[in-house]
Amino acid sequence: MDEREILEKLNPEQQDAVRTTEGPVLILAGAGSGKTRVLVHRISYLINVCGVWPGNILAITFTNKAADEMRSRVDDLIGFGSDRIWVMTFHAACVRILRRHAEELGYTRYFTIYDTDDSLSVMKDIFRLKKIDTKRIKERQVLSMISSAKNELISPENYASAAGKDFFSRQVESLYAEYQSRLKANNAMDFDDLIGNTVKLFKEHPEVLAIYEEKFRYLMVDEYQDTNTAQFKFVSLLADKYRNLCVVGDDDQSIYKFRGANIRNILNFEQIFPESKVVRLEQNYRSTGNILNAANNVIRNNRGRKAKKLWTENETGAKVRFRRFPNSFDEAEFVADEIRSIVREGGSEYRDFAVLYRTNAQSRLFEEKFLLMNVPYKLVGGVNFYARKEIKDLLAYLKTTANAVDDVASTRIVNIPKRGIGQTTITKILSYAADGGLSFYEAAKDADRIGSLSAATVKKIRSFTDLIEELKEDAKELSVSALLRKIVEATDYENMLREQDDEDVVADRLGNIEELVNKAIQYETENENPSLSGFLEEVALIADIDSVEDGDDRVLLMTLHSAKGLEFPNVYLTGMEEGVFPGMMSLNAESPLEEIEEERRLCYVGITRAKKRLTMTAAGERMVRGNVERHPVSRFVREIPRDMLDNGLPESGSGVRLKAPSAAIPGFREAVAAPPPKYDNPYIRREKKEPSKSAPKPFAGLDYKVGDRVRHVKYGTGVVTEIREGKRDYEVTVDFQGWGSKRLLAAFANLVREE
DNA sequence: CCATCCACGTTTTTT
DNA sequence: ACGTGGATGG
């Protein structure tokens with residue numbers, strides 16, 4: 001592939017970005033402006049035109065999915081030698097470096113990676129030991145402070161000087177120190193350590209840094225706006241010598257401040273690298289004109305951003321739609337129902353749709369309606385697959401087998417299945433371990449030397465250590481998947497599940513286990529030298545979004561955060577309400593202005609996911625943590641000029657004809673026409689009136705009313721308890737004898753009034 | 001040591 | 001509404 005071929009499919013700015021190979025480059029890439037395309041072509045240009053050796057290139061992303069995508073596009077474009085390029089996430093790259101140099105930092109190369117759950121159990125242990133009252137500080141709170149410190153490269157030693165000398169900071173400081181020493185004793189690193197320890201390695205061992213700065217002469221960082229201080233340091237250390245650092249990002253899509261992302265990394269790039277060149281990619285190839293306009297109108301309300309304006313040559317397309325429903329059930333039903341009808345009409349597939357929301361908790365309603373309406377969906381996020389109990393149990397067995405020093409893993413499973421080893425015994429073993437400088441597992445093997453344990457208890461412990469010893473032997477010959485099967489069998493895991501869970505839960509968990517075995521098999525076939533620790537590593541760094549495959553035809557349900565980097569023909573942006581999105585946390589924050597700007601960027605990300613059609617929805621009422629809340633329409637909706645929105649109000653000659661006046665339900669569909677918002681108090685309840693339930697009045701087109709007895713073909717007879725106006729039909733709630741309360745759509749239910 | 005029941009707090013977002 | 005963790009009793 002020659003220069004002309006590489007450049008011919010790129011616009012002038014993209015070409016500029018690709019051809020600027022030397023020195024620091026900042027590529028400001030708006031949403032949908034083809035930044036992955038630029039990165040991939042730039043790699044190809046480096047190799048084919050500049051003659052760079054593929055092994056000298058490091059391309060960093062945040063998610064495995066992004067890395068996989070870039071890898072496969074690079075493979076397609078380059079072919080030979082492309083496997084020598086490092087295309088991976090920050091975490092994966094750091095792990096790879098750390099494995100090689102773990103000894104320099106006092107770890108072994110078999111160190112384990114702790115997820116947040118593991119960190120939590122370590123911290124709980126520390127709290128127990130130090131007898132800290134969880135009423136005053138919570139483990140999670142301390143962990144998040146530690147995490148922020150690590151993101152800023154603040155070590156336990158200099159924590160106090162950074163945070164202050166008050167009692168609280170002192171306490172966190174000592175907890176941080178204790179936490180860190182435990183991780184080290186367990187030969188474990190948490191996510192933040194992976195970055196932080198690599199930076200530490202580079203700083204303390206210049207000879208190691210020399211290897212990698214020599215190796216990675218060309219660095220590329222995707223989603224640069226999301227880098228934190230530690231990641232920035234990692235990159236700048238590597239780039240310091242040759243200065244061929246190309247970062248790609250969009251300050252308007254910075255949405256990870258909460259986990260330490262430092263937006264100044266991108267805003268100040270030109271100050272930090274004065275000789276840098278800036279390339280702006282502002283042509284959008286993804287969305288229609290209307291969608292892009294909406295996005296521009298929302299994001300322009302933010303201060304402190306790099307000036308830019310996306311434009312497109314794409315068609316204007318349909319107006320962005322906004323619909324407001326009486327409650328969140330109706331909202332979910334509308335979305336499910338509409339997707340189903342559109343797909344049934346033909347021309348679209350389920351995979352063309354995504355439903356986005358602010359928090360994972362909002363997914364449930366959609367799941368229920370989708371299930372009910374037989375719309376295939378895939379839920380992304382929520383409880384991570386690898387965070388499920390059964391998976392963590394089995395992984396803990398694997399971890400104990402691979403790295404017997406990992407106390408978190410071994411204490412987790414010492415009594416799974418029940419072996420009669422309780423907290424008291426564990427504490428005794430742990431204190432023996434502490435005295436002798438041993439790990440929990442080593443101490444357990446010495447059980448007969450622990451005076452305070454009875455002979456019966458020693459025997460129970462023996463049954464555990466014998467099993468682990470056996471597994472260690474097996475691990476030498478068996479594949480990971482075979483080892484997993486062996487563990488399931490030896491622990492009689494299936495029967496254990498049956499004893500403690502309901503039938504359907506058991507089926508679910510067994511399915512998950514089977515899936516884990518499949519992952520292992522997949523790992524074995526995809527890797528040249530599969531190993532137990534290799535598998536554990538891969539599994540530790542995986543996120544839920546990574547499992548989204550193009551193959552299956554389903555609607556995707558996910559948070560706005562998970563959606564970053566993806567695109568869909570049709571997008572539903574749901575829960576557009578003050579207090580939901582922007583979330584109440586941002587509204588009540590110390591510096592709401594800043595936080596709301598972050599929410600607005602999130603909204604911008606959401607809008608720009610849509611290619612053809614964007615629908616925003618809101619609910620007048622929704623359940624939040626068990627109680628009903630009423631929220632006004634999100635300010636983000638109002639930031640889109642009214643004439644650019646299709647708000648569903650009957651216009652001349654178009655719109656849905658309502659069977660009953662919409663005024664029957666206050667606030668319904670009136671949002672856009674409502675008076676301007678009062679920004680100072682988003683919680684004003686502007687809709688005080690409840691739909692009157694006292695006097696059941698007949699609804700047009702129905703021959704029954706609340707209180708009537710009706711007959712249903714499947715459920716028999718029941719009493720109508722509620723009738724509500726849905727999007728295109730009435731929603732009737734009926735209390736059936738023997739079936740309980742059911743919510744039905746009048747048109748489908750065919751209810752007949754009983755005399 | 002274990003099973004069961006109740007109270008509590010929890011929720012942004014994720015590598 | 002839900003899950004966790006603590007208290008209680010077996």
Side-chain angles (χ1 to χ4, degrees), chain A residues 60-67 88-95 113-117 119-121 124 127-128 134-135 138-141 144 147 150-151 189-196 223 226-228 230-231 254-261 356-365 368 380-384 386-387 389 415 417-428 454 456-457 460 499-500 539-546 558-565 575 579-589 595 598-599 601-603 605-606 622-628:
Chain A
I60 296 185
T61 65
F62 272 84
T63 65
N64 295 299
K65 188 175 166 61
M88 48 183 95
T89 64
F90 270 107
H91 297 270
C94 288
V95 169
I113 300 166
Y114 278 0
D115 63 18
T116 35
D117 252 33
S119 299
L120 189 63
S121 39
K124 283 192 170 158
F127 269 51
R128 225 174 291 140
T134 51
K135 297 253 160 43
K138 279 158 286 170
E139 294 93 337
R140 289 173 169 280
Q141 194 187 346
S144 106
S147 174
K150 287 183 175 180
N151 288 157
M189 300 189 197
D190 63 21
F191 285 132
D192 302 318
D193 286 336
L194 296 178
I195 317 289
E223 307 281 13
D226 290 330
T227 50
N228 62 36
Q231 289 160 334
S254 164
I255 56 174
Y256 284 110
K257 184 165 167 250
F258 70 93
R259 66 172 199 215
L356 310 182
Y357 35 78
R358 177 68 240 263
T359 63
N360 276 311
Q362 291 165 252
S363 69
R364 266 194 47 185
L365 289 176
E368 281 166 16
V380 177
V383 197
N384 189 329
Y386 293 97
K389 219 189 293 155
N415 200 32
K418 301 250 146 55
R419 297 186 175 94
I421 304 168
Q423 191 53 53
T424 346
T425 310
I426 292 179
T427 311
K428 284 175 187 168
S454 70
T457 311
K460 291 172 187 165
E499 274 165 31
Q500 53 188 223
V539 153
L541 294 177
I542 229 154
D544 206 55
I545 184 69
D546 302 330
M558 63 188 139
T559 63
L560 286 149
H561 282 89
S562 306
K564 190 163 74 143
V580 175
F581 186 34
M584 61 194 166
M585 298 299 247
S586 63
L587 295 171
N588 301 332
E595 306 253 339
E598 173 123 337
E599 299 275 308
R601 290 193 288 271
L602 194 53
C603 183
V605 167
R622 83 167 59 233
M623 284 273 243
V624 180
R625 289 199 217 85
N627 42 39
V628 178

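Each chain gets a letter, A, B and so on, in the order its sequence line appears, and its residues count up from 1.
By the salt bridge (charged side-chain N to carboxylate O under 4.0 Å, His left out) test, A:Arg622 pairs with A:Glu331, A:Glu577, sequence neighbours left out. Every residue two or more places apart in sequence or in another chain that forms a side chain to side chain donor-acceptor pair (under 3.5 Å) with A:Asp190 is listed here: A:Lys150, A:Tyr179. Checked against salt bridge (charged side-chain N to carboxylate O under 4.0 Å, His left out), A:Asp115 has the following partners two or more places apart in sequence or in another chain: A:Lys392. Remark: A:Arg140 engages no residue in a salt bridge (charged side-chain N to carboxylate O under 4.0 Å, His left out) (not counting sequence neighbours). Qualifying salt bridge (charged side-chain N to carboxylate O under 4.0 Å, His left out) partners for A:Glu595, counting only residues two or more places apart in sequence or in other chains: none.
Between the CD1 atom of A:Ile195 and the P atom of B:dT14 there is a distance of 18 Å, given to the nearest Å. Between the CZ atom of A:Arg601 and the C1' atom of B:dT13 there is a distance of 13 Å, rounded to whole Å. Atom CE of A:Met623 and atom C1' of C:dA1 are 7 Å apart (whole Å). Separating the CG atom of A:Leu560 from the P atom of B:dT14 is a distance of 10 Å, rounded to the nearest angstrom. One atom, NZ of A:Lys389, and another, C1' of C:dT4, lie 11 Å apart when rounded to the nearest Å. Straight-line distance from the CG atom of A:Leu365 to the C1' atom of C:dA1: 11 Å, rounded to whole Å. If you measure from atom CD of A:Glu139 to atom C1' of C:dT4, you get 11 Å, rounded to the nearest angstrom. Rounding to whole angstrom units, CD of residue A:Gln231 and C1' of B:dT15 are separated by 8 Å.
Comparing A:Arg419 and A:His91, the nucleotide of DNA chain B nearest to each residue sits closer to the 5' end for A:Arg419.
A:Leu194 comes within 4.0 angstrom of no nucleic acid atom, judged by non-hydrogen atoms across all strands. Residue A:Asn415 is classed as a sugar-phosphate contact, given heavy-atom separations below 4.0 Å to backbone atoms only. Using a 4.0 Å heavy-atom criterion, one finds that A:Phe62 contacts the sugar-phosphate atoms exclusively.
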Every protein N/O lying under 3.5 Å from an N/O of nucleotides 9-12 of chain B:
unit_1, atom_1, unit_2, atom_2, d
B:dT10, OP2, A:Lys138, NZ, 3.1
B:dT12, O2, A:Arg358, NH1, 2.5
B:dT12, O2, A:Arg358, NH2, 2.0

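Separation of the P atoms belonging to C:dT4 and B:dT13 is 16 Å when rounded to the nearest angstrom.
Partner A:Phe62 forms a side chain to side chain contact (heavy atoms under 4.5 Å, CB included) with one of A:Gln231, A:His91, A:Lys564 and no other, that one being A:Gln231.
Side chain of A:Asn415 to main chain of A:Ile421: a donor-acceptor pair is present (N/O by atom type, distance under 3.5 Å, no hydrogens or angles).
Remark: A:Thr559 is in phosphate contact with B:dT14, judged by side-chain N or O atoms under 4.0 Å from OP1 or OP2. The side chain of A:Lys418 contributes an N or O atom lying less than 4.0 Å from OP1 or OP2 of B:dA3.
Checked against C:dC2, B:dT15, B:dT14, the side chain of A:Tyr256 finds its nearest nucleotide in B:dT14.
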